[in-house]
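Predicted, not measured: the structure shown is a model, and the values here were computed from it. In what follows, every heavy atom counts, from backbone to side chain, and hydrogens, waters and symmetry copies are set aside.
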Amino acid sequence: MSLISEDTDPSEARAVARPSAAGVMSNRVTFNRLELNRILNLYGRMVADGEWRDYAIDFLRERAVFSIFRRASEVPLYRIEKDPRLARRQGMYSVISATGLILRRGHELDRVLLAIDRKLAVV
């Protein structure tokens, strides 16, 4: 015998039984669709050139981190970080090298990514 009556939707009972995923992620910093699209476009070009091979995304309480690896077993070559606490100061976006050196920081993601975006140059 079921505890759910016939006139109730079974999916409603499951929604009440488990906490919503949106509530769990609401206290974390994330990249929005446009930011992630810009980062993944750069990543795809560098993978096609054979420079990069793997990535990882971490959504933490204070910041979101996109780590870029040459090989999966190494430390990240670069970290692209979004820290909203710095939005009114130096800018919430930053590119950090493997040694921890901040290559560029700013308010606009496109300008910050220029630090690692290798364009073709006519010689």
Visitor: Of the non-hydrogen atoms in Trp52 and Leu77, which two are nearest, and what is the gap between them?
Guide: CD1-CD1, 3.8 Å

Visitor: List the atom of Phe66, the atom of Ile57, and the distance in Å for their closest heavy-atom pair.
Guide: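 Minimum heavy-atom contact is CD1-CG1, 3.5 Å.
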
Visitor: Check whether Leu109 and Met46 end up in the same hydrophobic cluster, where Ile, Leu, Val, Met, Phe, Trp and Tyr are linked by side-chain heavy atoms less than 4.5 Å apart.
Guide: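 Hydrophobic grouping puts Leu109 with Met46.
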
Visitor: Are any non-hydrogen side-chain atoms of Arg79 and Val95 less than 4.5 angstrom apart?
Guide: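 No; the side chains remain at least 4.5 Å from each other.
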
Visitor: Please test Ile96 against Leu101 for side chain to side chain contact (heavy atoms under 4.5 Å, CB included), starting from the C-alpha separation and ending with a verdict.
Guide: CA-CA 6 Å; Ile96 303 170; Leu101 178 68; over 6 Å; no

Visitor: Of all residues at least two apart in sequence or in a different chain, which pass the side-chain hydrogen bond (donor to acceptor under 3.5 Å, both in side chains) check with Asn32?
Guide: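 Testing Asn32 for side-chain hydrogen bond (donor to acceptor under 3.5 Å, both in side chains), a comparison that skips the adjacent residues, returns none.
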
Visitor: Report the residues that fulfil side-chain hydrogen bond (donor to acceptor under 3.5 Å, both in side chains) with Arg85, sequence neighbours left out, ordered by chain and then residue number.
Guide: Asp83

Visitor: Within this structure, what is the CG-OG1 distance for the pair Leu60 and Thr30, rounded to the nearest 0.5 Å?
Guide: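 OG1 of Thr30 is found 11.5 Å from CG of Leu60.
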
Visitor: Please check if the side chain of His107 supplies one atom and the backbone of Met92 the other of a donor-acceptor pair under 3.5 Å.
Guide: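 Such a contact is absent between His107 side chain and Met92 backbone.
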
Visitor: Return yes if some donor-acceptor pair links the side-chain N/O of Arg104 with the main-chain N/O of Arg111 below 3.5 Å, else return no.
Guide: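 Checking the backbone N and O of Arg111 against the side chain of Arg104, a donor-acceptor pair under 3.5 Å is found.
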
Visitor: Is a side-chain N or O of Lys82 found less than 3.5 angstrom from the main chain of Val29, in a donor-acceptor match?
Guide: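 Here the side-chain-to-backbone pair does not exist.
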
Visitor: Please determine whether side chain to side chain contact (heavy atoms under 4.5 Å, CB included) holds for the pair Val47 and Arg53, giving the CA-CA distance in whole Å, both sets of side-chain angles, and the decisive distance to 0.1 Å.
Guide: CA-CA 6 Å; Val47 167; Arg53 295 186 188 259; over 6 Å; no

Visitor: What are the two closest non-hydrogen atoms of Phe69 and Ala56, and how far apart are they?
Guide: CE1-CB, 3.9 Å

Visitor: Nearest heavy-atom pair of Gly91 and Arg105: which atoms, and what distance?
Guide: O-CG, 3.7 Å

Visitor: Measure the CG-CZ distance between Asp110 and Arg38 for me, rounded to the nearest 0.5 Å.
Guide: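 Spacing of CG (Asp110) from CZ (Arg38) equals 5.0 Å.
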
Visitor: If you measure from CG on Leu113 to OH on Tyr93, what distance do you get to the nearest 0.5 Å?
Guide: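 The CG atom of Leu113 sits 9.5 Å away from the OH atom of Tyr93.
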
Visitor: Any non-hydrogen side-chain atom of Phe31 less than 4.5 Å from a side-chain atom of Ile39?
Guide: yes

Visitor: Under a 4.5 Å cut-off applied to non-hydrogen side-chain atoms, are Ile116 and Ile80 in contact?
Guide: yes

Visitor: Could you check if a side-chain atom of Asn37 sits within less than 4.5 angstrom of a side-chain atom of Glu35, using non-hydrogen atoms only?
Guide: no

Visitor: What pair of heavy atoms forms the shortest contact from Phe59 to Ala64, and how long is it?
Guide: CD2-CB, 3.9 Å

Visitor: Heavy-atom count around Tyr55 OH within 6.0 Å, excluding the residue itself: above 12?
Guide: no

Visitor: Atom OG in Ser94, atom CD1 in Ile102: separation rounded to 0.5 Å?
Guide: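 The distance works out to 5.5 Å.
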
Visitor: When rounded to the nearest 0.5 angstrom, what distance separates CG in Leu36 from CG in Asn41?
Guide: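 Here the interatomic distance stands at 10.0 Å.
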
Visitor: Checking Glu62 now: which residues fulfil salt bridge (Lys or Arg N to Asp or Glu O under 4.0 Å) with it, not counting sequence neighbours?
Guide: none

Visitor: Should Asp117 and Arg45 count as an ion pair when the cut-off is N to O under 4.0 Å?
Guide: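 Salt bridge between Asp117 and Arg45, a charged N being under 4.0 Å from a carboxylate O: yes.
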
Visitor: Could you report the tightest heavy-atom contact between Ala98 and Pro76, atom names first, then the distance?
Guide: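 Smallest interatomic distance, heavy atoms only, reads CB-O, 3.3 Å.
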
Visitor: Roughly how far, to the nearest 0.5 Å, is CZ of Arg61 from CG of Asn27?
Guide: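 So the gap between those two atoms works out to 5.0 Å.
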
